[in-house]
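Worksheet: the structure to be examined is printed underneath.
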Amino acid sequence: MGRAFVYVILGGGVAAGYAALEFTKKGVSPGELCIISEETVPPYERPALSKGYLLPEAPARLPSFHTCVGANEEKLTPKWYKEHGIELILGTRVKSVDVRRKTLLTAVGETISYKILIIATGARALKLEEFGVSGSDAENVCYLRDLGDANRVVDVMQSCASGNAVVIGGGYIGMECAASLVTNRINVTMVFPEVHCMARLFTPKIASYYEGYYSSKGVQFVKGTVLTSFEIDPSGKITAVNLRDGSQLPADMVVVGIGIRPNTSLFEGQLTLEKGGIKVNGQMQTSNTSVYAIGDVAAFPVKLFGETRRLEHVDSARKTAKHAVSAIMEPEKTDEFDYLPFFYSRFFTFSWQFYGDNAGEVVHFGDYSGNTIGAYWISKGHLVGSFLEGGTKEEYEALAKTTRLKPAIDDITDLERQGLGFAVTVSKKPLTPPPSDDVSGSTLVLERPLFAWHATAGVITAASIAAFAYWYGRRRRRW
């Protein structure tokens, strides 16, 4: 037996929820769309799991952070899906996909057919075993990728109040979980192989700014080494972690955040892969015209930098989802995806935003002993990236506009002197098209000339993103 749908979204993360909402806005008919997810609840805003969900008082819980509240849109509860005639096939694993026959086979043997498939499978957390370390099955070792993981973190955290937590990894999950653990009055030690936290994005100077605050909150850093093994008691609980440098750290709980890997295995040998994900064109369409990919799993052309990239952040998941649905439902009205890479995070009292690309020479600005700091990245004579902590709504908007425009930089010293004022000034000038490179080596990219109105639309979009992100970071809701 089987079921047939016009549109099938495979995966139940952030991108799936935003795609579903966009489908309803574009007039999908009841019964045409379904979402297949291994999770047992409808899509929700994953950023809440490392923030509001872990708060010791008034923690966020569903249904408060179902998509799409993260973008100040409708909250898509189970009732919402039912009212809109969208089938939720939850708690279901798909074991194979045949893109030629347009069918999916579930683990229980049901065949589901489609006309259009949207891959929103996201990514999975990398396990310690993939690096030769066993022990992930211990009851006090935690990962954080989905709701089940978050519940485990909460349970373990509550069982070791005032105890010792070791956080493995210095990226998003490590930094945000460490802050939440400290808030819960747990002693935290962070361990990572890099020379500073957030090494993929932060400069040493920016990292030092945040590490200094974490240290003031009692967080200890052990850098330049990795976990090699655990000490385990007769009950199977971790009691300590052993590091490659020979040191040993006591541990009542361990949180592991060592990266993710896109879930592409169902499509290997069927679709073109690139950058570790599924390659798509400017319409989010894969090498099979009936299949689209969105979110963490999609490698898409970033027009501003002339490259195909796969971005791991909630903003990209939301925007790629909306664009793919628009391309499916209104292809004649949908231009190529023109995305300004955007990342943000919140921990303790901090809230930062980054736009563009962290490539080239870095120019820092602001008071690194105060509350507002920033940086620009200059590559090939143009500003290509920008970072700001502690800005106002207007300042974040200016930063987004300026980064989108990629202005020429003739004097690094003067740029450093002007600091944030440079972005504010440039953002107020008449618009001119930024320099653009073609994405080479891709037969999927539809090239079009860049006219001034494209630039205008892009800047308006960037400004709206900045305005929302500022609001989102400052609002006091617990999710």
Side-chain angles (χ1 to χ4, degrees), residues 13 38-40 46 49-50 53-54 93 95 107 121-178 180-181 184 186-195 197-200 219-266 268 276 296-297 312:
E38 292 189 32
E39 295 203 57
T40 57
R46 291 197 192 278
L49 300 182
S50 58
Y53 204 84
L54 304 183
R93 181 176 67 86
K95 68 177 185 180
T121 48
R124 62 174 180 81
L126 288 172
K127 302 290 185 179
L128 290 171
E129 283 74 9
E130 297 174 68
F131 297 88
V133 179
S134 59
S136 287
D137 55 346
E139 65 180 73
N140 55 340
V141 173
C142 305
Y143 294 84
L144 188 55
R145 186 63 186 171
D146 57 30
L147 191 63
D149 292 338
N151 286 330
R152 181 167 179 163
V153 172
V154 170
D155 291 343
V156 175
M157 191 168 58
Q158 292 175 346
S159 71
C160 64
S162 300
N164 299 306
V166 177
V167 176
I168 306 298
Y172 274 103
I173 293 299
M175 294 294 284
E176 293 180 358
C177 283
S180 295
L181 290 167
N184 282 272
I186 293 176
N187 304 310
V188 177
T189 300
M190 296 187 67
V191 178
F192 46 84
E194 298 86 5
V195 296
C197 69
M198 295 290 291
R200 292 173 60 184
V219 176
Q220 298 184 47
F221 292 93
V222 181
K223 308 173 187 178
T225 190
V226 296
L227 168 70
T228 56
S229 64
F230 292 115
E231 296 296 321
I232 305 175
D233 69 12
S235 69
K237 291 185 65 175
I238 303 298
T239 59
V241 301
N242 299 312
L243 306 181
R244 188 169 59 190
D245 65 5
S247 60
Q248 185 179 90
L249 302 172
D252 297 299
M253 72 178 293
V254 178
V255 178
V256 182
I258 53 177
I260 62 175
R261 179 162 294 166
N263 293 315
T264 62
S265 59
L266 290 172
E268 291 174 4
D296 288 352
V297 78
E312 300 170 0

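Since the structure is predicted, the reported quantities are computational estimates derived from the model, not experimental observations.
No donor-acceptor pair under 3.5 Å is formed between the side chain of Gln248 and the backbone N or O of Phe230. Of the possible polar contacts, none joining the Ser136 side chain to the Lys127 backbone as a donor-acceptor pair under 3.5 Å is found. Side chain of Asn140 to backbone of Lys237: no donor-acceptor contact under 3.5 angstrom is found. Panel note: side chain Arg152, backbone Val141; a donor-acceptor pair is recorded below 3.5 Å. Of the possible polar contacts, one joining the Arg145 side chain to the Ala123 backbone as a donor-acceptor pair under 3.5 Å is found. Judged purely by atom type and a 3.5 angstrom limit, Asp233 has no side-chain atom pairing as donor or acceptor with the backbone of Thr239. Of the possible polar contacts, none joining the Asn164 side chain to the Asp252 backbone as a donor-acceptor pair under 3.5 Å is found.
Checked against salt bridge (Lys or Arg N to Asp or Glu O under 4.0 Å), Arg200 has the following partners two or more places apart in sequence or in another chain: Glu312. Contacts of Thr225 classified as side chain to side chain contact (heavy atoms under 4.5 Å, CB included), with partners at least two apart in sequence or in another chain: Val191, Val222, Leu243, Arg244, Asp245.
The distance from the NZ atom of Lys223 to the SG atom of Cys197 is 7.0 Å, given to the nearest 0.5 Å. Here OG of Ser134 is found 6.5 Å from CD1 of Ile232. Values are rounded to the nearest 0.5 Å. In this structure, CG in Leu54 is found 6.5 Å from CG in Leu144, a value given to the nearest 0.5 Å. With rounding to the nearest 0.5 Å, the separation of CD in Gln158 from CD1 in Ile186 is 9.0 Å. The CG atom of Asp146 sits 4.5 Å away from atom CD of Glu39, with the distance rounded to the nearest 0.5 Å.
Nearest heavy atoms, Ser162 versus Asn187: O-ND2, 3.5 Å. Between Glu130 and Ala125, the shortest heavy-atom contact is OE2-O, 4.4 Å. Among all heavy-atom pairs drawn from Glu194 and Ala199, the shortest one is CG-CB, 3.6 Å. Across all their heavy atoms, Val167 and Gly174 have their closest contact at CG1-CA, 3.6 Å. Closest approach of Gly169 and Met190 over heavy atoms only: O-CE, 3.5 Å. Nearest heavy atoms, Met253 versus Cys160: SD-SG, 3.7 Å.
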Query - Audit row: Phe131, Leu227, side chain to side chain contact (heavy atoms under 4.5 Å, CB included) steps and yes/no - result: CA-CA 10 Å; Phe131 297 88; Leu227 168 70; over 6 Å; no

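Using a 4.5 Å heavy-atom threshold, the side chains of Glu139 and Val156 count as separate. Side chains of Asp296 and Pro262 form no contact here, defined as non-hydrogen atoms less than 4.5 Å apart. Proximity of Asp149 to Leu49: side-chain heavy atoms (C-beta onward) are nowhere separated by under 4.5 Å.
Between Arg124 and Glu38, no side-chain nitrogen of the basic residue sits less than 4.0 Å from a carboxylate oxygen of the acidic one, so the salt-bridge criterion is not met.
Put simply, the residue from Leu128, Val153, Ile168 that forms a side chain to side chain contact (heavy atoms under 4.5 Å, CB included) with Tyr143 is Leu128.
Looking only at atom types and distance, the side chain of Ser229 has a donor-acceptor partner in the side chain of Asn242 under 3.5 Å away.
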